[in-house]
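To keep things clear, I will list the structure first and then write my remarks on it.
To find a chain, count down the sequence lines: A is the first, B the second, and so on, and within it residues start at 1. All of these numbers come straight from a predicted model, not from anything done at the bench.
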Amino acid sequence: MIKVTLKDGSIKEYEKGTTILEAAKAISEGLARVALAGEVDGEVKDLSYKLEKDCKLNILTFDSEGGKHAYRHTTSHVMAQAVKRLYPEAKLAIGPAIENGFYYDFDVEKPFSPEDLSKIEEEMAQIIKEDYPLERFTLPRDEAIAFMEERNEPYKVELIRDLPEGEEISFYKQGDFVDLCAGPHIPSTGKIKAFKLLSVAGAYWRGNEKNKMLQRIYGTSFSKKSELDAYLFRLEEAKKRDHRKLGRELDLFDIYDEGPGFPFFLPKGMVLRNVLEDFWREEHKKRKYQEIRTPVILNEDLWHRSGHWDHYKENMYFTKIDEGNFAIKPMNCPGGMLVYKRRLHSYRDLPQRMAELGLVHRHELSGALHGLMRVRCFTQDDAHIFMTPEQIKDEVLGVIDLIDQFYSVFGFKYHVELSTRPEDSMGTDEQWEMATNALKDALEAKKMEYKINEGDGAFYGPKIDFHLEDSIGRTWQCGTIQLDFQMPERFDLVYIGADGERHRPVMIHRVVFGSIERFIAILTEHYAGAFPTWLAPVQVKILAILDKHHEYAYKVQKALEEKGIRTEIDIRNEKIGYKIREAQLEKIPYMLIIGDKETENGAVAVRSRKDGDLGAMSLEDFIEKIIKEIEMKA
RNA sequence: GCUGCUGUGGCUCAGCAGGUAGAGCAGCGCACUCGUAAUGCGCAGGUCACCGGUUCGAAUCCGGUCAGCAGCUCCA
C-alpha cells in the first residue's frame, strides 16, 4: 500500500499501481467524472498514470490551470488529426496549449482559408463523437526517429533529434493519429465538449524568421458550451475597448495613411497627455530628478561612439545636413551622456538623476505597427541615473518603487521580466554578470516574482521589464530598468572619488510609462475610454435646457474654469435627453443640467456618467466634491 | 519584413455572378422652447485606397503599389 496526500491534506491509502483515475473514483464518482489529469508531487500526469509510491496528489479538473492545459492540448491533437484526415500531405510541427486556448502549426502547400477552418471543425466534431481513447507509449530514440520518418513527418524527426539523450520519448495515440508529445492528455477525445477554431496565421518554424513559414491555426476549447460562448462574447466586448477605435471616437488621437506609425494627438488627447506629464514631473521633482531635453538629430559620429551604429543601425533613420551625416535619435542616452560630460563630477554629486521626455524615432517593421502601442515615433519618459557602483542597489530599488507607485495609481496589474545578455551586445561576460546579478538582487530584495527572458536584454545591458495588459490580454512592455556599464566606458564618463582619483560611474536607463503613447493606449483600453475625472479631457459638461438658461449656464462654466476644471457647454437647440445621451457617449464624468430650478436657486443638477442622476446641489458643493475627486485621482 | 485577410462619403455598413453608387449616424438649413440616453422635415457630401491590365463597358475580374487587421519576427 502507498500513502497519498490529497489537496485538503488528508491521507488516503491505495494499492501500489492504482491509477489517478481510480484514486479519483475512490474519492467520489462526481470528481472522477470531471477529472482531466492529476498532479503528482507537482508534476502533471495523465489520469492513467499509476501511483507507485507515497506522494501528494491533486486531481485536476477544468477549473485548474493544469486541467485546462491538458484539455486544450488534447483539443489541439484532435485538430491535428482532423487536418491529417482532410489534408494527408500536411506535415505536423508543434501544437501546444496556450493561455486561453491552443494552436497547431502545419506545413501545407496551400494556406488554410476560413472555409477550411469550418471543414476542420466539422471533422473535429466527428473525431470527438468517435470518442477515441488517448494512449501513451514510449519508444527508444532511434525507433522514435524511424517511426516518424516512416510517417513522413520531418519536423517531428527534427524535434526528436533535438531531445536530450536519455530523455524518455513519448507518443500519444488516438485512433489512427499518433503524435510525439510529452503530455499530459485527457483520457479520450469524447471528453471535449465545446471548441472553436479562431484564426489562421503564418508562423515561422521554431520562431526563427530564417526558417520556413508554417500555417498556424488558433483555437480554444471549454468544458461547457456556455463558457465558450461567454469567452467569445468577452472577446467581442474587448474589441469595443480597442484604443484605436476609442481614440478616434473620443477625438483623442489618430493615425493617418500619410504617416504610418506616426500618431497625431488631437486637442483632447493632448489634455490627457499633459495631465500625465504634469503628474510625472511632479513625482520626479519629489524624487530629485532634474529634467533636460536633448536634440532629436545629432551627428552620426556620436552613434558610432555609443555603439548604436554597430548594434542598432537597422532601427535608425538617417539624414544629411549640408555635407554632414546625421542620425535621428532612436534613444535618448547618447544625448544624456554629453550632458553628463559637460563638466567634472564629484562623488558627492552622485547619484545624478537626469530625466528627459524624449521623442525618439525607430524604424519598426510595417507588420509590427499597432495603433499607439507600436509606433515609429514616441516619447519616452526617460531618465539616466549616474552613480557609484555602491549606489546601484538603492537606485534600482528606488526606480522599482516609483514604477509600482505609478502603476497602482491607475490600478494596473503588471508582471516583471528580467532580460539577460543578447547575442549582439557589447562588453565582457563579467560586466554582464555583475549587472544581471545586481538587478536580480534588487528583485529578490523586493520579493518580486519575475520571469527570466534569456537573451532579451538591450545591447548595452540587462534589464527589468514591466509588462501591462491590453484589453484582450496581450501584454506590452512599458516600464523598464536597464543597467549599463558600457556607455559610461565608451563615453569615458568619470567622477572624482573621495580618494581624489577618477572613477567610472555606472548608469541606469529607465522609463516608467515606457512610452507616453503606449501608456495612453493601455490607459484608454483599461478604462474603456471612461477616464477617471483627474484624467478626463473634459471633466464637466454643462447642459442648458432652454435659451433663457444660457446666461446662468455660462456663469456656472466660468466658476468651474476659475477652479481649473475642464468644461464644455452645450447650448444647442436640442432636447435635454439628446444632450445627455451625447455627453454620456463622450464618456464625460459629470453633466450639469441647467434649467429653471437651478437658475433660480443658484444650483446645478448633477448627473454622473457612472451613477446617473444625483439630484440638485449648490454650485459650491459640486465644485468642492469634484475638486476632492480630482485630488484623490479617484 | 513574412503568411493570410481587408480597403466604398467624417463614422458604421449595403452594393447578388461587371452595365459608370445607396442607407443609417455625424454635418448643414428650417420648424419645434421641449427637464435626465436619439423631435420632425429638408439639403449637401463619394476620382468606390492608388497605378496598370482584361473588357464595348469595372467599385465589382487580374497584376502591382500603398495602408489597415490577425499572427510570426522584433520591441517602449
*asked:* Applying side-chain contact (heavy atoms from CB on, under 4.5 Å), can you list everything that pairs with A/S608, at least two apart in sequence or on another chain?
replied: A/Y590, A/K610, A/D611, A/L614

*What pairs with A/K196 under side-chain contact (heavy atoms from CB on, under 4.5 Å), at least two apart in sequence or on another chain?*
A/E121, A/L198, A/L228, A/L232

Quiz: residues 256-264 of chain A side-chain donor-acceptor pairs under 3.5 angstrom, not counting sequence neighbours:
none

_Pairs meeting criterion salt bridge (Lys or Arg N to Asp or Glu O under 4.0 Å) with involvement of residues 358-372 of chain A, two or more places apart_ = A/E364-A/R374

*Applying ring-ring contact (aromatic ring centres under 6.0 Å, His included), name anything that partners A/H370, two or more places apart in sequence or on another chain.*
A/W476

*Any salt bridge (Lys or Arg N to Asp or Glu O under 4.0 Å) pairs touching residues 544-554 of chain A, not counting sequence neighbours?*
A/K548-A/D596

*Side-chain-base donor-acceptor pair under 3.5 Å for A/Y204 and B/rG71*: no

*Which whole number of Å gives the distance between the C1' atom of B/rU60 and that of B/rU55?*
13 Å

_For a 4.5 angstrom cut-off between non-hydrogen side-chain atoms, does A/E283 reach A/F406?_
yes

*Counterpart residues, side-chain contact (heavy atoms from CB on, under 4.5 Å), relative to A/S408 (two or more places apart)*: none

*What does nucleotides 27-38 of chain B look like as a protein-contact string, B for base, S for sugar-phosphate only, - for none, at under 4.0 angstrom between heavy atoms?*
-----BBBBBBB

*asked:* Run the ring-ring contact (aromatic ring centres under 6.0 Å, His included) test against A/Y87 and tell me which residues pass, sequence neighbours left out.
replied: A/F112

What does the list of N/O pairs under 3.5 Å between the protein and nucleotides 74-76 of chain B look like, with a distance for each?
{"residue": "B/rC74", "atom": "O2", "partner": "A/R374", "partner atom": "NH1", "Å": "3.1"}
{"residue": "B/rC74", "atom": "O2", "partner": "A/R374", "partner atom": "NH2", "Å": "2.0"}
{"residue": "B/rC74", "atom": "N3", "partner": "A/R374", "partner atom": "NH1", "Å": "3.0"}
{"residue": "B/rC74", "atom": "N3", "partner": "A/R374", "partner atom": "NH2", "Å": "3.4"}
{"residue": "B/rC75", "atom": "O2", "partner": "A/R518", "partner atom": "NH2", "Å": "3.3"}
{"residue": "B/rA76", "atom": "OP2", "partner": "A/K463", "partner atom": "NZ", "Å": "2.7"}
{"residue": "B/rA76", "atom": "OP2", "partner": "A/Q477", "partner atom": "OE1", "Å": "3.0"}
{"residue": "B/rA76", "atom": "OP2", "partner": "A/Q477", "partner atom": "NE2", "Å": "3.4"}
{"residue": "B/rA76", "atom": "O3'", "partner": "A/Q477", "partner atom": "O", "Å": "2.7"}
{"residue": "B/rA76", "atom": "O3'", "partner": "A/Q477", "partner atom": "NE2", "Å": "2.8"}
{"residue": "B/rA76", "atom": "O3'", "partner": "A/C478", "partner atom": "N", "Å": "3.4"}
{"residue": "B/rA76", "atom": "O3'", "partner": "A/C478", "partner atom": "O", "Å": "3.1"}
{"residue": "B/rA76", "atom": "O2'", "partner": "A/Q477", "partner atom": "O", "Å": "2.8"}
{"residue": "B/rA76", "atom": "O2'", "partner": "A/C478", "partner atom": "O", "Å": "3.4"}
{"residue": "B/rA76", "atom": "N6", "partner": "A/E364", "partner atom": "OE2", "Å": "3.4"}
{"residue": "B/rA76", "atom": "N6", "partner": "A/V375", "partner atom": "O", "Å": "2.8"}
{"residue": "B/rA76", "atom": "N1", "partner": "A/V375", "partner atom": "N", "Å": "3.2"}
{"residue": "B/rA76", "atom": "N3", "partner": "A/S515", "partner atom": "OG", "Å": "3.4"}

Quick one: which protein N/O atoms are closer than 3.5 Å to N/O atoms of nucleotides 43-46 of chain B? Pair and distance per line, please.
none

*Would you jot down, in residue-number order, the residues of residues 242-261 of chain A having a non-hydrogen atom under 4.0 Å from RNA chain B?*
A/R244, A/D257, A/P260

